[in-house]
2 protein chains.
Amino acid sequence: MTTTTQGFATIQQRDLVNQIADMLTEALLKGDFAPGVHLAEAQLARDFGVSRAPVREAARLLESRGMLVSQPRRGFFVRTFNADELEDVYDLRLCLERHAVRLLAGKLTDEMEAALTHQLEKMRQVARDGTAVQQIEEDVAFHRMLCEFSGNQRLVRVFDELCHEMRFCILLIGQLYDDAMRVADTHEPILEALRTRSPDAGEAALDYHIGVAQQRVMEMFRERAKR
Amino acid sequence: MTTTTQGFATIQQRDLVNQIADMLTEALLKGDFAPGVHLAEAQLARDFGVSRAPVREAARLLESRGMLVSQPRRGFFVRTFNADELEDVYDLRLCLERHAVRLLAGKLTDEMEAALTHQLEKMRQVARDGTAVQQIEEDVAFHRMLCEFSGNQRLVRVFDELCHEMRFCILLIGQLYDDAMRVADTHEPILEALRTRSPDAGEAALDYHIGVAQQRVMEMFRERAKR
DNA sequence: AATTTTCAAACTGTCGACACTCGACAGTCG
DNA sequence: CGACTGTCGAGTGTCGACAGTTTGAAAATT
């Protein structure tokens, strides 16, 4: 890691593709583009002041993340979500995290427990004084830890993909956390079950926690869809 | 390799990228490229008789499918697998299919049952007179049906990704099915559990079935890794 | 007025070219 | 003899251009 090589560098010539992908992602999450709208390569290229090639690649990247879809000869469009798709995402997420918790219950180390406890504390902190975006990020970070500590890296990758989609939906809905502190608290039972190394209790706690979140999101989504 | 440079480009107005991606996939699965080897864009472009742009995009596509990896300024390399990664893939697959079977047990229709029964028959048929590739494909098709009938499309997408990786590994190992008929038969208990609409029995049958498959693949993989 | 046809602008898919970077090799200097 | 430096070839990142397609609206027809 920290070899004696100079500490500078490494930040300079970062790919245009990644920069563009990041900007596009941000713009999408901020809601600058309505779902279903057509993204013209040439237009974006002009906006970013680059040629179409890197824009194209960035768009492909976002497509693989499920934030854009492409149609042959027609180009890229902002991904639209319907209630069923959103439900699938949450269902799959539950499937993954259940598995993660089950694995984790059998191998939880003190370091892991400390990290999770610390993360929960962080959630409570931003629940007091933090933005909605921060609250969502810290929440996601907790769940991501569960996946990461499970030891299955492939599972983490899928979880990350799902998170992209969930963020996309959630920020598309508007705010979500009316009582962030209570939301933070509902993570406690999961951690508690892990502390006792009980897979079943962990799974049950998770079922309840994610079930509530899903119900809440779905409700707001359906309500919003009416307009 | 299959340089169809002059083979003439039928209706290539359609989508060069997908054609190239398919050819590359086939070449990878056939083992034309050793794991870890560098794929030069210009070289591939010459081989395919096209420019670098579509090759690049196809490579990005395969990267998102986990068959290639890229390093900035260095290009694309054939994905390498180690035993841990392969284990993660199988573990995740089990997680997904368990969930699928659980869901499916509660909603199995006659049509679905018929389709699964038919697929199982097909597996037995290619077990008698079919190539190893066919046997693998029909096997995968059965499991894919389980996912598809679960109703969660997002789950199917992840399953497909995993299949790509598993195929990649399996064909990299060499043959697998020494007794294809017996392998086909081990799907029967899963179907039987579904017929009785029992989630627990289905899960148990699946656990056993995939557990055996994983053990077998891992064993061969480790053995091969020694060389 | 409604519907079909025509047509031009906009856009995508693909291509060839150029600049810059990386790694290897050889030559230079201590 | 070994370490450093300059050079060269290979390869990626990016660009501008061209051809064929799609789109949307004006023009023509019923």
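Just so it is clear: chains get the letters A, B, ... in the order the sequence lines come, proteins before strands, and each one is counted from 1. Computed over heavy atoms, backbone and side chain alike; hydrogens, waters and symmetry mates excluded. If you're wondering where the values come from, they're calculated on a predicted model, not measured in any experiment.
- Salt bridge status for B:Arg79 with B:Glu165: present, with a side-chain N to carboxylate O gap under 4.0 Å.
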Next on the checklist: Quick one, A:Asp160 with A:His164, criterion side-chain hydrogen bond (donor to acceptor under 3.5 Å, both in side chains). Give me CA distance, side-chain angles, the key distance, then yes/no.
Outcome noted: CA-CA 6 Å; A:Asp160 283 339; A:His164 270 117; over 6 Å; no

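- A donor-acceptor contact under 3.5 angstrom links the side chains of A:Asp47 and A:Gln43, judged on distance only.
- Residues satisfying the ring-ring contact (aromatic ring centres under 6.0 Å, His included) criterion with A:Phe149, sequence neighbours excluded, are absent altogether.
- Rounded to 10°, the angle separating the first-five-pair axis and the last-five-pair axis of the helix from C:dA1-D:dT30 to C:dG30-D:dC1 equals 10°.
- Under the 4.0 Å criterion applied to side-chain N and carboxylate O atoms, B:Glu137 and B:Arg167 are assigned as salt-bridge partners.
- The CD atom of A:Gln19 sits 13 Å away from the C1' atom of D:dT14 (whole-angstrom rounding).
- Both B:Glu57 and B:Arg52 sit near DNA chain C, but only B:Glu57 has its closest nucleotide nearer the 5' end.
- C:dG23 atom C1' lies 12 Å from atom CZ of B:Phe77, rounded to whole Å.
- No side-chain donor from either of A:His99 and A:Asn152 sits under 3.5 Å from a side-chain acceptor of the other.
- Sorted by first then second residue, the side-chain hydrogen bond (donor to acceptor under 3.5 Å, both in side chains) pairs that include residues 29-39 of chain A, not counting sequence neighbours, number zero.
- In this structure, the nucleotide among C:dC22, D:dT14, D:dT22 sitting nearest to the side chain of B:Arg73 is C:dC22.
- Atom CZ of B:Arg74 is separated from atom C1' of C:dC22 by 8 Å (rounded to the nearest Å).
- Nucleotide D:dT12 holds its C1' atom 14 Å from the CG atom of B:Leu39, rounded to whole Å.
- The residues A:Arg56 and B:Glu57 are annotated as salt-bridged, a charged nitrogen and a carboxylate oxygen being separated by less than 4.0 angstrom.
- Under the side chain to side chain donor-acceptor pair (under 3.5 Å) criterion, A:Glu113 pairs with A:Arg195, sequence neighbours left out.
- Within residues 41-51 of chain A, the residues that have a heavy atom under 4.0 Å from DNA chain C are, in order of number, A:Glu41, A:Ala42.
- Phosphate proximity of C:dT12 to A:Arg56: absent, as no side-chain N or O sits under 4.0 Å from OP1 or OP2.
- Judged purely by atom type and a 3.5 angstrom limit, A:His187 uses its side chain to pair as donor or acceptor with the backbone of A:Val183.
- Between B:Arg60 and B:Glu63, at least one side-chain nitrogen of the basic residue sits less than 4.0 Å from a carboxylate oxygen of the acidic one, meeting the salt-bridge criterion.
- For DNA chain C, none of the residues of residues 59-66 of chain B falls under the heavy-atom distance limit of 4.0 Å.
- Neither OP1 nor OP2 of D:dA10 sits under 4.0 Å from any side-chain N or O of B:His38.
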